[in-house]
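A quick write-up on the structure given underneath.
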Amino acid sequence: MKRLVSLFLALVMVLSLSVSLAEVTYPLTTEPVTITIAVAQHNSDAVEDFNTKYAIKMAEEVTGVHIEWIPIQEGNTTEKVATMLAGDLPDVFLGLVGDTAIAQNPSLFVPIEDMIEEYCPNIYATYEESVDGWRTFMTYPDGHIYGLIANYRFNPNNAINGTMWINQTWLDNLGLAMPTTLKELEEVLIAFRDLDADGDGDATNEIPWDWCQKYYAAKWAEIAFMFGSTMGSRGGGWFDIVDGKVTGAAREENFRAALEYMNYLCKEGLLNIEGITQTSDQYNANVDGGKVGVFTEWTNATHISDPELRAQYVYVGPLSAEGYTFRTMPSTLTANRNGFVITSACENVELALQWWDYMSRDVAATHAARSGPEGLTWEMIDGVPTSRSYTAEDAIAFGYESIAQHAGTSVFAASMGLTNCPPMIVDSLAAAPGGSTQTRAYAVKSYEPYYTEQSMSVGIVPTEAQEEFDFATEGLSDHINAFAAESIMNGVTDDSWNAYLKKLDDLNYDYYLEFMQKKLEGNWD
Ligand SMILES: [Ca+2]
């Protein structure tokens, strides 16, 4: 009965829609039309067939446009996209191409600046209402717009990568207080190492603090921040910004201090030395297995599937090392101007635009495109899209038997829709009481006082400047990461530090900083 009611409601929604949007008639086509879309697939997405995802299925039913999906796993996209650009173009790239690919190959893409208002009336209205200066943000140096925005307009939850979590039950078992400084954390780690914190009778099977350089939310950067070093920030790179000036964070003494401290922790068995090399699967298995006292993650719910174990972990605010203040550079813009990009191979440009406009038709539709059917992982409360705490039973009731065991985790959330490339979402979901989104929001909030005053601007870099930069700074990131790994494993000496600095010079680090200064100012003259 409940199912019938929601079906009826969905039907009413569809019918009322065709009334309210006078200029667009659905279906968009009565002839069979197929559009191929290469799409960035979230690493945690457990659903193979995008056409079974709720909003996409509904879009085909209403618009009559069939999509043939080419999913490409995130983190694995560069080479595959390059191959496609070299000859095997899909009709559309969704969440896969960046500024550089477009600026370097403009003939492979369709300029759409004169088509948005006509073929995407809903999107146009949203941009006009909610995105200040959208034309400037989206227009390339050649004067064209090639993409429509995907992802959140801005989401505070996406400003940083990891937040830090500690097992409260272990603290309670050992009669320990919540640490408020890195020094206090060290005392806790010693107890986790030496005592049977989880109470299973074995005092040697705890990993006091785990991390993983191959996992975006658990890299050494998360520990460098505790020493006031912005190296590896989500919103930056190998630099800091102080009073409007880009500065060389890679040369700073606090970066060295962070690496030396990590080496000390590893030697003492307080930090998992495997963090340098272990895969993200290994890391997540350690965390999911309840072996870890302290870790950094998106939230405690990201990979812990057992709700009871998940509830043992609480967030720790940012901890500062002695003599330093925590510091990180946030990413202030999550909107992807190259979200939905039509290529020169597309024979149905208008239909492609209209299909994406249907996916973007209103606030609820944008959330459904990312988070699945209303009433499961999210719901409308007083007209506000709000995340919802849900159980495996709820998931089964909505027809998600095959992934119900992942209910409450990022795997389930990522399987609902276009996780990192939905049509632009103006405001992220409001927090559900007790839900993991709320926990993420609270955890992130505790970091906000420690953000740099300014972060990198988001203008499009001219092609020549970008090409010169890519060429001149090739190997710089590898050098920094290799030095960090070596230092965490074996420590830092004056000799190793000086050799590292010398090679930074050789790899044009000064030029790197000058480039970042120009980018910050948007000044390419
Ligand atoms: Ca134990």
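Atoms within each ligand, like the ligands themselves, are counted from 1 in listed order.
Salt bridge status for D494 with R256: present, with a side-chain N to carboxylate O gap under 4.0 Å.
Excluding waters, the count of protein N/O/S atoms less than 3.0 Å from the Ca ion (ligand 1) comes to 6.
Residue pairs meeting the ring-ring contact (aromatic ring centres under 6.0 Å, His included) criterion with at least one partner in residues 266-287, sequence neighbours excluded, are Y215-Y283. The list of salt bridge (Lys or Arg N to Asp or Glu O under 4.0 Å) pairs with a residue in residues 291-318, not counting sequence neighbours, is empty.
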Output a table of donor-acceptor pairs, distance under 3.5 Å, between side-chain atoms of residues 447-454 and any protein atom two or more places apart or on a different chain; print 'none' if there are none.
{"unit_1": "Y447", "atom_1": "OH", "unit_2": "M164", "atom_2": "N", "d": "3.1"}
{"unit_1": "E448", "atom_1": "OE1", "unit_2": "K445", "atom_2": "NZ", "d": "3.2"}
{"unit_1": "T452", "atom_1": "OG1", "unit_2": "Q454", "atom_2": "O", "d": "2.9"}

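In terms of modelled atom types and a separation under 3.5 Å, the side chain of N173 and the main chain of A197 share a donor-acceptor contact.
In this structure, Y500 and F255 have tilted ring planes: the angle between them lies in the 30° to 60° band.
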